Amino acid sequence: MDTQKLEELLLTVQKPGRYAGGEVNSVVKNKDEVDVRFAFCFPDTYEIGMSHLGIKILYAQFNERPDIWCERVFAPWTDFEQVMRSNNIPLFALESRDPIKDFDFIGFTLQYELCYTNVLNMLELAGVPLRSKDRTDFTPIVVAGGPCVCNAEPIADFIDIFFIGEGEEVDLEVMDLYKKYKANGGSKQDFLREAAGIEGVYVPALYDISYNEDGTVAAITPKDGAPVKVRKRIMKNLDETYYPDKFVVPYIEVVHDRAVQEIFRGCIRGCRFCQAGFIYRPVREKSVDTICRQAKALCESTGYDEMSLSSLSTSDYTNLRPLLEQLVEYTDKEKISLSLPSLRIDNFSDELLEQVSGVRKSGLTFAPEAGTQRLRDVINKNITEEEILRTCRTAFAGGYTQVKLYFMLGLPTETDEDLQGIAELGQKIVNLYYQSENKPKGKAVSVTISVSNFVPKPFTPFEFEPQITREEMMRRQYFLRDCLTTRKITLNWHESKTSVLEGVFARGDRRLGDVIEAAHKMGCHFDAWDETFDNEKWNRAFEECGLSQEFYACRTRSTDELMPWDHMDFCIDKAFLIRQNELAHKAITTPHCREKCAGCGANKYGEGVCFEKR
């Protein structure tokens, strides 16, 4: 590629830093001295992709191998895409600026269902056939991982290999197998068949799907020796698991521009709507010493003056107090801001507030998820209104004036009374602030209520539940708005059209690949972005393919229905999900994993919280 011409063209777009490369800690190698070239593609903008922890871990790990060169690729925004198409510029990697169609692997991380058209658009921009059956050459091999692959079926026809679970080991095992075939010869089909024998590898071409007359899945049939169930991979010991000591530092502002330190994986809680809380089980923690050592190394190699602790529920880390004592000593000395996202209401204490307050004073964020105790019990949130108010009282006494609360709308069994409960809870928190004797003088309170639409997801007890229709979402949103009576409360809600589409792809089957391709051909991409989402085109795509959004999103599924993802083994037993669903409809809660085992099935790994001494 003509570097001078490219740089001239970059000056014509809004943010040329998205495509320039050359950042601090980016890795450049001699392509003639490596055996495997891997294009790590994030199917969204640079700012979002560069904020994602998974790409940071795998990019650094792959590049530590002298025989592998991993480069980064992001979805070009609409302005640069137009420039690329007008000037016949193929999609290229940031480090070398080489076209990715010449790489051995093109890998996507699938974080969100609405990125699927971006995957197709990136393959098209690369000059690579979209469907795996049309890619007859051995390379490039198109692979994908991330949380969406727990139901990979809607995008299965476009991907050669899915990595199921955590990628640190399985990705490298597949690349080593590829090296063997590259050196000794062999067909792509033979390579895929052998790869399917590696735990955590799903090759969709090796499974035939048949359907009943009513449109439900009749059978999922493996062939050519592929396993009946594909079991996810996990890293059993996080202290020994690879973690980078440096991140690529972007030149332009990204969403989360800071050092991120992972402290544990999984979640003990079992909230019945939360897919991440189940698919990342069992809970495995890093030791305090490992966390502190890795966090210091990151700050020193990047120069970041902000550090965030990453987990699904930071305050559930068993050694949080000694961890914060060590970290705060370091961050105070180095003038580094420390943030603790994902705090639980029921274990937020004066002591924790004191440690956090010494470093950073900003708004606090909590997630009650539902406005009444009945509905919180349905979803197994296991927090009370008394705990919510006590936490806010503690925060106000500690000098905080801003509280952000997350709720879900459209949860199973939800009524208007539950929605009214959200508004009433917000008002109680406002009143609590003004009743607090220790509140900051002369400052007003700000309570933000953010409401997202419930989307039933695979491997949760609510995978059988219907999603409410778009019209009902809008009715409930306006009803909640009308329940609010004070300007001290700000209400934000999520676009209903995209929520329904997310619900379709979350539990969809392989026939949806035709819909995704039809929408892509009509120009759909960046569907998670309000300014580019086109609902009319999506409606036309479903019509053309003779499929119904309501069939996938809005119907109740029987517990004996064969789900499109039933050949994926995330070690969450279906019998457990059915039991939890029955308890939900009775509004009966289940204790968390450290109190009592609920028999989810994650103990198959013989690791994690399942085997801690209680």
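Computed over heavy atoms, backbone and side chain alike; hydrogens, waters and symmetry mates excluded. Every value quoted in this text rests on a predicted model; they were computed, and no experiment measured them.
Atom OG1 of Thr413 sits about 3.5 Å away from atom CZ of Arg374, to the nearest 0.5 Å. Note that the CD atom of Glu463 and the CD atom of Gln580 stand 12.5 Å from one another [nearest 0.5 Å]. Between His520 atom NE2 and Thr117 atom OG1 the span is 8.5 Å, to the nearest 0.5 Å. Annotation: the span from Lys381 atom NZ to Arg376 atom CZ amounts to 10.0 Å, rounded to 0.5 Å. In this structure, the separation between CG on Leu91 and SG on Cys41 is 6.5 Å, given to the nearest 0.5 Å. The line from NZ of Lys537 to NZ of Lys521 is 15.0 Å long, rounded to the nearest 0.5 Å.
At distances below 3.5 Å, not a single donor-acceptor pair connects side-chain atoms of Thr12 with backbone N or O atoms of Glu8. Here the side chain of Ser51 pairs a donor or acceptor atom with the backbone of Val255 at under 3.5 angstrom. A distance-only check finds no donor-acceptor pair linking the side chain of Asn118 to the backbone of Cys115 [under 3.5 Å]. Using modelled atom types, one side-chain atom of Lys229 and one backbone atom of Asp566 make a donor-acceptor pair closer than 3.5 Å. A donor-acceptor distance shorter than 3.5 angstrom exists from the side chain of Asp79 to the backbone of Gln14, with no hydrogens or angles considered. The backbone N or O of Lys223 sits nowhere less than 3.5 Å from a side-chain atom of Asp208 that would complete a donor-acceptor pair. Between the side chain of Gln549 and the backbone N or O of Leu501, no donor-acceptor pair lies under 3.5 Å. A donor-acceptor pair under 3.5 Å is formed between the side chain of Asp509 and the backbone N or O of Arg511. For Thr216 (side chain) and Asn212 (main-chain N/O), no donor-acceptor pair under 3.5 Å exists by modelled atom type. In this structure, the side chain of Arg135 engages the main chain of Phe158 through a donor-acceptor pair within 3.5 Å.
A salt bridge is absent between Arg233 and Glu166; no separation between the charged side-chain nitrogens and carboxylate oxygens falls under 4.0 Å. Glu369 and Arg272 are not joined by a salt bridge, as no carboxylate oxygen comes within less than 4.0 angstrom of a charged side-chain nitrogen. Using a 4.0 Å cut-off between a side-chain N of Lys or Arg and a carboxylate O of Asp or Glu, Asp102 and Arg37 do not qualify as a salt bridge. Between Glu23 and Arg72 a salt bridge is recorded (basic side-chain N to carboxylate O distance below 4.0 Å). Contact check on Arg507 versus Glu465 returns no salt bridge, with no Lys/Arg side-chain nitrogen under 4.0 Å from an Asp/Glu carboxylate oxygen. A salt bridge is defined here as a Lys NZ or Arg NE, NH1 or NH2 lying under 4.0 Å from an Asp or Glu carboxylate O, and Glu471 with Arg475 fails to meet this definition. A salt bridge links Arg85 with Glu81; the closest basic N to acidic carboxylate O contact falls under 4.0 Å. Ion pairing between Asp514 and Arg131 holds under the 4.0 Å rule for side-chain N and carboxylate O. Of the charged side-chain nitrogens involved, at least one lies within less than 4.0 Å of a carboxylate oxygen, so that Glu414 and Arg476 count as a salt-bridged pair.
Between His567 and Tyr202, the ring planes lie perpendicular to each other; the angle is over 60°, past the 30° to 60° tilted range. Using cut-offs of 30° and 60° for the angle between ring planes, the Phe62 and Phe38 rings count as perpendicular.
Using a 4.5 Å heavy-atom threshold, the side chains of Phe191 and Ile141 count as touching. No side-chain heavy atom of Asn380 sits less than 4.5 Å from a side-chain heavy atom of Cys271. With contacts defined as side-chain heavy-atom distances shorter than 4.5 Å, the pair Asn581/His585 qualifies. Contact annotation: the side chain of Lys133 never approaches that of Asp157 to less than 4.5 Å [non-hydrogen atoms, C-beta and beyond]. By the 4.5 Å heavy-atom criterion applied to side chains, Val128 and Pro140 are counted as neighbours. Residues Val143 and Val174 form no side-chain contact, since every pair of their non-hydrogen atoms from C-beta on lies 4.5 Å or further apart. Side chains of Thr469 and Cys554 form a contact here, defined as non-hydrogen atoms less than 4.5 Å apart. In this structure, the side chains of Leu58 and Thr109 stay at 4.5 Å or more apart for every pair of heavy atoms.
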### Task
Just do the ring-ring contact (aromatic ring centres under 6.0 Å, His included) check on Trp493 and Tyr478 with the steps written out, would you?
CA-CA 10 Å; Trp493 66 56; Tyr478 292 128; 5.4 Å; yes

### Query
Run the side-chain contact (heavy atoms from CB on, under 4.5 Å) check on Phe459 and Met568 step by step: do they pass?
CA-CA 10 Å; Phe459 299 103; Met568 298 293 106; 3.9 Å; yes

### Task
Determine, stepwise, if the pair Glu199 / Val170 fulfils side-chain contact (heavy atoms from CB on, under 4.5 Å).
CA-CA 7 Å; Glu199 186 176 74; Val170 64; over 6 Å; no

### Message
Using ring-ring contact (aromatic ring centres under 6.0 Å, His included), reason through Phe505 and Trp538 one step at a time and then give a plain yes or no.
### Response
CA-CA 12 Å; Phe505 291 126; Trp538 275 105; 5.5 Å; yes

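No side-chain donor-acceptor contact under 3.5 Å links Gln111 and Asp44. A side-chain N or O of Ser96 and one of Glu71 form a donor-acceptor pair less than 3.5 Å apart. Side chains of Asp418 and Thr372: a donor-acceptor N/O pair is present below 3.5 angstrom, by distance only. No hydrogens or angles considered: nothing links the side chains of Tyr211 and Arg510 as a donor-acceptor pair under 3.5 Å.
Within a 6.0 Å radius of CD in Glu472, more than 12 heavy atoms belonging to other residues, nucleotides or ligands are found. Sparse packing is recorded around CD of Glu213, with 12 or fewer heavy atoms of other residues, nucleotides or ligands lying under 6.0 Å away.
Considering all non-hydrogen atoms of both residues, Ala506 and Asn151 come closest at O-ND2, 3.0 Å. The two atoms that bring Ile100 and Ala39 nearest to each other are CG2-CB, 3.8 Å, heavy atoms only. Closest approach of Ile220 to Met563, counting heavy atoms only: CD1-O, 3.7 Å.
Under the ring-ring contact (aromatic ring centres under 6.0 Å, His included) rule, His52 has a single partner from Phe74, Phe42, Tyr59, which is Phe42. Of the listed residues (Phe533, Tyr116, Trp77), just one forms a ring-ring contact (aromatic ring centres under 6.0 Å, His included) with Phe526, and that residue is Trp77. Exactly one residue among Asp160, Asp104, Asp137 makes a salt bridge (charged side-chain N to carboxylate O under 4.0 Å, His left out) with Lys188. That residue is Asp160.
Judged by the 6.0 Å distance and 45° axis criteria, Arg18 is not positioned over the aromatic ring of Phe80.
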